[in-house]
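Working notes, beginning with the structure itself.
Only a predicted model underlies this, so the values are computations on that prediction, with no experimental measurement involved.
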Amino acid sequence: MKISRASTLILLLCAVKNVIPANSHWKPTWPTYKVPVVLPQSTFSLKKPDFDAKANLEVLSSCGPVCHKHFPSPTLNELKEYMSYETLYANGSRTETNVGIYVINTGNGSQNSASGGKSRRKRQIYGYDSRFSIFGKDFLLNYPFSTSVKLSTGCTGTLVGEKHVLTAAHCIHDGKSYVKGAQKLRVGFLKPRQKDGGKVTKQTNSSSTEKMKFQWIRVKRTHVPKGWIKGNANEIGMDYDYALLELKKSHKRKYMKIGVSPSGKQLPGGRIHFSGYDNDRPGNLVYRFCDVRDETYDLLYQQCDAQPGASGSGVYVRMWKRKNQKWERKIIGIFSGHQWVDHNDAPQDFNVAVRITPLKYAQICFWIKGNYIDCRDE
C-alpha cells in the first residue's frame, strides 16, 4: 500500500515529536532516580591488542525474555567485575580499570547495587518496511537526526557529549579481540557537499543524499565494559553491549543526553525511536519507531525494522522533565541487533536494545563527565 508523500511527512513529524493523541493535561514524565556511584579503584596496563577480529553484527543466543527473567541477580562482586572496563587509546595501548560500586544515601556511603536480566541480538524487517530515509539538510542537520553519526567500522553511534559518542560494544570488540580498524577508529558526520568556492549545494529532492558527505573525526580512546569482554560467549554479554568513544576534538553539534530507561509501560505510547545508517540504504540516515514487545531489567525487545549498520544507534524517547518544566529527549538504550529466541518451544525473532540502567547510567556518565558529582541525580 502506497502512502502519499504528504501523509508520510506528517506521520514522520508526529513520530519524531512523540505527539500522542491523549488527554492534553497528561504528560509522560521522566521518572527520577538516585543512581549509584561507579568509581575507578585501580588501573593497570595490558598488552597491545592484535586488532584481528572481524566486525560481526550477528551474535547468536537462544535465551529470550522468559529465560532471562529467571536468571539470578548478579552479586556485588560480579557487578564490579562486569562494570570494570578496558580503555583503548589511539596509539594502540590499552588499560583495564577495576571499579567500586556504592549506593550513597543522605550522606551515608554503603556498598550495594543491583542489576539483573540477560542477553540478545541480529536484525530484520518485519512485514511492511516501516523505515523512513531522512533526506535534505533541513532534517539531517537538525536535532535529533544530527546526533546520529557513522563509525568507520560500519556501525552507527549517537552524540552524547561535546566529544563523546555512544555505540554498541560489538562494533569495536567481538568479545575476544578488537575488530580490524578499531585502532584507527573514526566517526563520520553527515554534512552538505560544497562546490568550488565553498558554497553549499542546493538540496531540492530525494537525490540530495548524493550531495551530502561524511566528515570524519578520529577517536582518541574507547571504553568497553568487561561484562561484554568476559561475557560475550554466554548469556551475560549482551546486557553489556555498549561502548563510549571520546573524539580527538569537539564536534560542535547539539548532543542528546543519556537517561535511565523507564519501564516499557512508562514510555510514551509504549514506543521507542532510533536512527541509523542501515547497510541496505548506503549514505542514508534511516529513522524508525515501534512498540516495545517485552523487556528484562537490561534489555528491550521490539520489532523495529532495521538492517546491519544500524547497530549502535541510540534508542530514545521524549518525555516531560518536571524539574526543568520542559520536554526532553534522552537516550535510554543502545540498539544491539537481532535475536532468535525460543518462545513456547517455537522460534521467535526480536530486535534488541540494551537498556541504560541506573548502574550503566552512572558508569557512562562518569566516562563523559570525569566525576561522579554530576552523575548523582537522574
Side-chain angles (χ1 to χ4, degrees), residues 38 40 46 49-61 63 68 71 74 77-88 94-99 101 113 115-123 151 153-158 160 164-183 185 219 221-246 258 261 296-300 311-315 331 333-339 352-357 359-367:
V38 179
L46 301 173
D50 295 325
F51 301 102
D52 56 356
K54 180 180 179 181
N56 185 0
L57 303 184
E58 298 181 351
V59 187
L60 302 177
S61 172
C63 186
H68 282 277
F71 275 25
N77 285 335
E78 288 174 332
L79 281 175
K80 289 194 289 186
E81 181 180 8
Y82 300 154
M83 300 303 289
S84 296
Y85 56 92
E86 278 193 14
T87 301
L88 174 69
R94 62 173 173 152
T95 59
E96 180 174 327
T97 300
N98 295 320
V99 303
I101 299 174
S113 200
S115 182
K118 276 46 182 178
S119 190
R120 16 279 83 177
R121 27 256 185 231
K122 207 163 167 173
R123 68 235 71 217
L151 273 59
T153 53
C155 289
T156 299
T158 306
V160 292
H164 294 93
V165 175
L166 188 64
T167 189
H170 75 253
C171 295
I172 57 176
H173 196 292
D174 74 348
K176 296 180 180 179
S177 182
Y178 287 91
V179 304
K180 297 176 182 178
Q183 181 177 356
L185 188 62
V219 172
R221 60 181 174 179
T222 67
H223 300 300
V224 179
K226 297 294 287 186
W228 169 256
I229 295 173
K230 294 182 178 181
N232 177 252
N234 57 43
E235 303 304 336
I236 295 172
M238 198 57 198
D239 296 350
Y240 299 91
D241 189 10
Y242 61 92
L244 189 78
L245 318 179
E246 182 181 342
I258 61 170
S261 172
T296 66
Y297 187 83
D298 285 280
L299 301 165
L300 293 174
S311 291
S313 300
V315 172
I331 301 292
I334 303 94
F335 177 59
S336 182
H338 176 272
Q339 181 195 24
V352 183
V354 179
R355 297 177 68 178
I356 297 180
T357 63
L359 195 56
K360 293 171 189 170
Y361 173 88
Q363 181 185 59
I364 296 169
C365 183
F366 183 87
W367 286 343

Any non-hydrogen side-chain atom of [X] less than 4.5 Å from a side-chain atom of [Y]?
| X | Y | answer |
| --- | --- | --- |
| Asp239 | Thr357 | no |
| Ile331 | Ile356 | yes |
| Leu88 | Leu185 | no |

Inter-residue atom distance [X].[atom1] - [Y].[atom2], 0.5 Å rounding:
| X | Y | atom1 | atom2 | result |
| --- | --- | --- | --- | --- |
| Asn98 | Lys80 | CG | NZ | 9.5 Å |
| His164 | Ile258 | NE2 | CD1 | 10.5 Å |
| His170 | Thr153 | NE2 | OG1 | 8.5 Å |
| Lys176 | Asp50 | NZ | CG | 14.0 Å |

Which atom names give the shortest non-hydrogen contact between [X] and [Y], and what distance separates them?
| X | Y | result |
| --- | --- | --- |
| Ile334 | Ala168 | CG2-N, 3.8 Å |
| Ser177 | Phe51 | OG-N, 4.0 Å |
| Ala362 | Val38 | CB-CG2, 3.9 Å |
| Met83 | Leu359 | CE-O, 3.6 Å |
| Tyr82 | Pro74 | CE1-CB, 4.0 Å |
| Ser84 | Val99 | OG-N, 3.4 Å |

Applying the side-chain contact (heavy atoms from CB on, under 4.5 Å) criterion to Thr222, which one of Thr87, Ile172, Val165 satisfies it?
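Among Thr87, Ile172, Val165, the one meeting side-chain contact (heavy atoms from CB on, under 4.5 Å) with Thr222 is Ile172.
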
Considering residues at least two apart in sequence or located in another chain, which fulfil the ring-ring contact (aromatic ring centres under 6.0 Å, His included) criterion with His223?
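Applying ring-ring contact (aromatic ring centres under 6.0 Å, His included) to His223 gives Tyr85, Trp367.
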
Could you work out, with ring-ring contact (aromatic ring centres under 6.0 Å, His included) as the rule, every residue matching Tyr242, not counting sequence neighbours?
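For Tyr242 there are no ring-ring contact (aromatic ring centres under 6.0 Å, His included) partners, ignoring immediate neighbours.
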
Quick one: list whatever passes salt bridge (Lys or Arg N to Asp or Glu O under 4.0 Å) with Glu86, sequence neighbours left out.
Arg94, Lys226

So does Thr167 get a backbone contact from the side chain of Thr156, meaning a donor-acceptor N/O pair under 3.5 Å?
no

Can Asp298 and Lys360 be counted as an ion pair, charged N to O under 4.0 angstrom?
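Here Asp298 pairs with Lys360 in a salt bridge, since their nearest N and O are under 4.0 Å apart.
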
According to the interplanar angle, ranging from 0 to 90°, do the rings of His173 and Tyr178 count as parallel (below 30°), tilted (30 to 60°) or perpendicular (above 60°)?
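The rings of His173 and Tyr178 stand perpendicular, inter-plane angle above 60°.
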
